[in-house]
J.: 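I have a structure I would like to understand better, so I am pasting it below and will then ask my questions one at a time.
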Amino acid sequence: MRRYGPVLLLFLGLAAPAAVLPFSSIAFPNRGSVFFGTNYDNRFAPGQLFVNKRGVRKSGWEAGTTGRTAQWVSRYGSVTITCVGYQLAWGGMNEAGLVFSMMQLDGTRPPVPDERPALAGALWWQYMLDTCATIDEVREAAKGLRISDTGDHYLACDRTGAVAVVECLGGRLTIRSGSALPVHALANAPYRECLDHWTKKTPGPADPYDSLNRFARLAAGLARFREGSATQAVDHAFGLLAGVASSNTRWSLVCDTGNGIFYLKSYLNPRLRFIDLKKIDFDCGRPALMMDAHAPLAGDIASAFHPYSHDEALEQVVKSLAYFRPGMSADRVRQVLALFEGFPCETQKR
């Protein structure tokens with residue numbers, strides 16, 4: 001895989017959007033579960049959902065200073081959403097209830113190379129969904145795996161009730177949780193900056209899409225919530241997301257971690273759809289699955305996934321590179337995509 005290194009780095013530059021737009025994320029408890037919500041905002045509109053299987057052997061290509069690269073077998077299946085192709089998660093939930101979403105953050109600076117193998121941000125998070133059930137496990141895994149090539153920060157939560165903000169500032173990865181995270185919201189400014197502004201109770205910027213303004217409104221909306229049914233929690237989450245949406249909001253996700261249900265609305269299809277992860281066969285003996293995130297469906301869409309299509313995935317990546325990182329040929333994209341498609345099923349090997 002190393003001979004593709006420079007091309008892979010360009011390809012994985014797709015892990016982050018090209019322009020700062022008002023991404024927003026929230027998390028809040030309800031009757032023993034955590035509900036997570038996020039908006040994806042960008043001028044680039046396509047999206048794909050993927051079902052990622054457990055039992056798949058995967059690898060990275062960026063070696064640490066000892067020459068070691070990342071190698072792992074996925075322990076958990078997951079459903080992810082992205083604009084940029086297979087194995088490059090921009091958000092999603094695994095069957096253990098771990099959830100995350102990315103938001104662009106100017107000033108992000110990942111750790112410099114060290115002895116740890118590295119994965120670009122979108123693949124680093126796919127690794128976490130593949131191998132971790134909790135924020136504590138993400139924190140432990142991060143000690144041995146460096147995140148690279150990211151321009152984002154992230155909100156994440158798990159089924160135990162833990163919520164975390166993951167940021168790379170000043171070349172250092174920080175995972176903020178517990179008492180260090182009194183407000184479970186995130187926008188496109190560093191969490192500490194938003195929290196400090198909110199704590200001072202000073203008037204926010206007039207621009208409703210400014211990160212400080214959105215954070216303050218989300219904080220107020222989270223404080224207003226009174227625990228109720230799962231339906232009430234889902235409605236509240238989508239209501240908060242609608243309140244900070246823009247004309248560039250392409251999709252809004254809500255995840256019920258306790259019940260393992262992934263809800264979705266999008267700008268081309270505002271009808272509520274949901275995927276019950278308990279209904280999905282994540283065994284890698286069956287094909288990986290995919291779906292257009294804007295498909296004209298409603299209600300339970302778990303059965304609407306179709307087997308992974310190289311042609312569909314390739315078309316999406318070519319479009320994404322033309323928008324985000326122009327200059328890479330379709331032939332090279334095809335070669336790189338084949339590396340991800342070639343990850344073997346460990347169960348079948350045995």
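Here the structure is a predicted model, which is why all the values come from computation and not from measurement.
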J.: Report the residues that fulfil side-chain hydrogen bond (donor to acceptor under 3.5 Å, both in side chains) with Y191, sequence neighbours left out, ordered by chain and then residue number.
T.: none
J.: Return the orientation label for the Y263 and F274 ring planes: parallel under 30°, perpendicular over 60°, tilted otherwise.
T.: tilted
J.: To the nearest 0.5 Å, what is the distance between NZ (K200) and CG (L195)?
T.: 10.5 Å
J.: Report yes or no: do S309 and D311 form a side-chain donor-acceptor pair below 3.5 Å?
T.: no
J.: I need the Y127 OH to L119 CG distance, nearest 0.5 Å.
T.: 8.0 Å
J.: Which atoms form the tightest heavy-atom contact between L145 and A70, and what is the distance?
T.: CD1-CB, 3.8 Å
J.: Under 4.5 Å between any side-chain heavy atoms of H236 and F28, yes or no?
T.: yes
J.: For V166 and F100, what are the C-alpha separation, side-chain angles and deciding distance, and is it a side chain to side chain contact (heavy atoms under 4.5 Å, CB included)?
T.: CA-CA 10 Å; V166 180; F100 93 98; over 6 Å; no
J.: Output yes when E167 and R192 qualify as a salt bridge under the 4.0 Å nitrogen-oxygen rule, no when they do not.
T.: no
J.: Under a 4.5 Å cut-off applied to non-hydrogen side-chain atoms, are L181 and V163 in contact?
T.: yes
J.: Could you tell me which non-hydrogen atom of H294 sits nearest to which non-hydrogen atom of A45, and how far apart they are?
T.: NE2-O, 2.8 Å
J.: Same cluster or not: L264 versus L268, using hydrophobic residues (I, L, V, M, F, W, Y) connected whenever any side-chain heavy atoms lie under 4.5 Å apart?
T.: no
J.: Look at the side chain of N269 and the backbone N and O of A295, then say whether any donor-acceptor pair between them is shorter than 3.5 Å.
T.: yes
J.: Between R31 and E227, does any side-chain N to carboxylate O distance fall below 4.0 Å?
T.: no
J.: Check whether any side-chain heavy atom of V99 sits under 4.5 Å from a side-chain heavy atom of F262, and report yes or no.
T.: no
J.: Do the side chains of Y76 and F50 join up, straight or via other hydrophobic residues, at under 4.5 Å, putting them in one cluster?
T.: no
J.: P208 and R214: which non-hydrogen atoms are nearest, and at how many Å?
T.: O-CG, 3.3 Å
J.: Quick one, L98 and L129 - any side-chain contact, counting heavy atoms below 4.5 Å?
T.: yes
J.: Who are the side-chain contact (heavy atoms from CB on, under 4.5 Å) partners of Y209, not counting sequence neighbours?
T.: P22, D207, S246
J.: Determine whether a donor-acceptor pair (N or O, by modelled atom type, separation under 3.5 Å) exists between the side chain of W90 and the backbone of V84.
T.: no
J.: Is a side-chain N or O of K265 found less than 3.5 angstrom from the main chain of V254, in a donor-acceptor match?
T.: no
J.: Identify the residue among Y154, Y40, F23 that makes a side-chain contact (heavy atoms from CB on, under 4.5 Å) with M103.
T.: F23
J.: Would you call T150 and M102 a side-chain contact if the rule is heavy atoms closer than 4.5 Å?
T.: no
J.: Side chains of S33 and D256: is there a donor and an acceptor less than 3.5 Å apart?
T.: yes
J.: Does R271 offer a backbone N or O that forms a donor-acceptor pair with the side chain of R273 under 3.5 Å?
T.: yes
J.: Between L337 and V51, is there a shared hydrophobic cluster once you connect ILVMFWY residues whose side-chain heavy atoms come closer than 4.5 Å?
T.: yes
J.: For the backbone of S24 and the side chain of N39, can you confirm whether one donor and one acceptor N or O come within less than 3.5 Å of each other?
T.: no
J.: Aromatic contact between H184 and F36, with the criterion being ring centroids under 6.0 Å apart: yes or no?
T.: no
J.: Considering non-hydrogen atoms only, spot the tightest contact between G285 and D283 and give its length.
T.: N-OD1, 2.7 Å
J.: How many angstroms lie between OG in S25 and CG in N188, if you round to the nearest 0.5 Å?
T.: 9.0 Å
J.: Are I275 and I301 close enough that some pair of their side-chain heavy atoms sits under 4.5 Å apart?
T.: yes
J.: Look up atom CG in D210 and atom NE2 in H197, then write down how far apart they are to the nearest 0.5 Å.
T.: 8.0 Å
J.: Are I175 and L186 linked, directly or through intermediate hydrophobic residues, by side-chain heavy-atom contacts shorter than 4.5 Å (ILVMFWY only)?
T.: yes
J.: If you take all heavy atoms of N30 and S229, which pair is closest and at what distance?
T.: ND2-O, 3.6 Å
J.: How long is the gap from CH2 on W251 to SG on C83, to the nearest 0.5 Å?
T.: 4.0 Å
J.: Please report the C-alpha distance between L339 and Q87 in whole Å, then the side-chain angles of each, then the deciding distance to 0.1 Å, and finally whether the side chain to side chain contact (heavy atoms under 4.5 Å, CB included) criterion is met.
T.: CA-CA 10 Å; L339 295 175; Q87 298 292 336; over 6 Å; no
J.: For the side chain to side chain donor-acceptor pair (under 3.5 Å) test, which of N94, T80, D130 pairs with N52?
T.: T80
J.: Looking only at atom types and distance, does a side-chain atom of H153 sit under 3.5 Å from a main-chain N or O of A187, one as donor and one as acceptor?
T.: yes
J.: Please answer whether the main-chain N or O of G161 pairs with a side-chain N or O of D158 as donor and acceptor at a distance below 3.5 Å.
T.: yes
J.: Answer yes or no: is there a donor N or O on one side and an acceptor on the other, between the side chain of N248 and the main chain of D41, under 3.5 Å?
T.: no
J.: Quick check on ring-ring contact (aromatic ring centres under 6.0 Å, His included): which of Y308, F340, F343 does Y86 satisfy it with?
T.: Y308
J.: Taking the six-membered ring of W198, is the NZ or CZ of K201 close enough (under 6.0 Å from the centre) and on axis enough (within 45°)?
T.: yes
J.: Should P113 and R146 count as side-chain neighbours, where that means a heavy-atom distance under 4.5 Å?
T.: yes
J.: Looking at every heavy atom in both V34 and T257, which two are closest together, and how far apart are they?
T.: O-OG1, 2.9 Å
J.: Please answer whether the main-chain N or O of G77 pairs with a side-chain N or O of E95 as donor and acceptor at a distance below 3.5 Å.
T.: yes
J.: State, yes or no, whether a side-chain contact exists between E62 and S148 at a heavy-atom distance under 4.5 Å.
T.: yes
J.: Nearest 0.5 Å please: distance from the CG atom of L105 over to the CG atom of L169.
T.: 6.0 Å
J.: Determine, using the 4.5 Å side-chain heavy-atom cutoff (strictly less than), whether V56 and M290 are members of one ILVMFWY cluster.
T.: yes
J.: Is the side chain of R68 donor-acceptor paired with the backbone N or O of P117 at a distance under 3.5 Å, no angle test?
T.: no
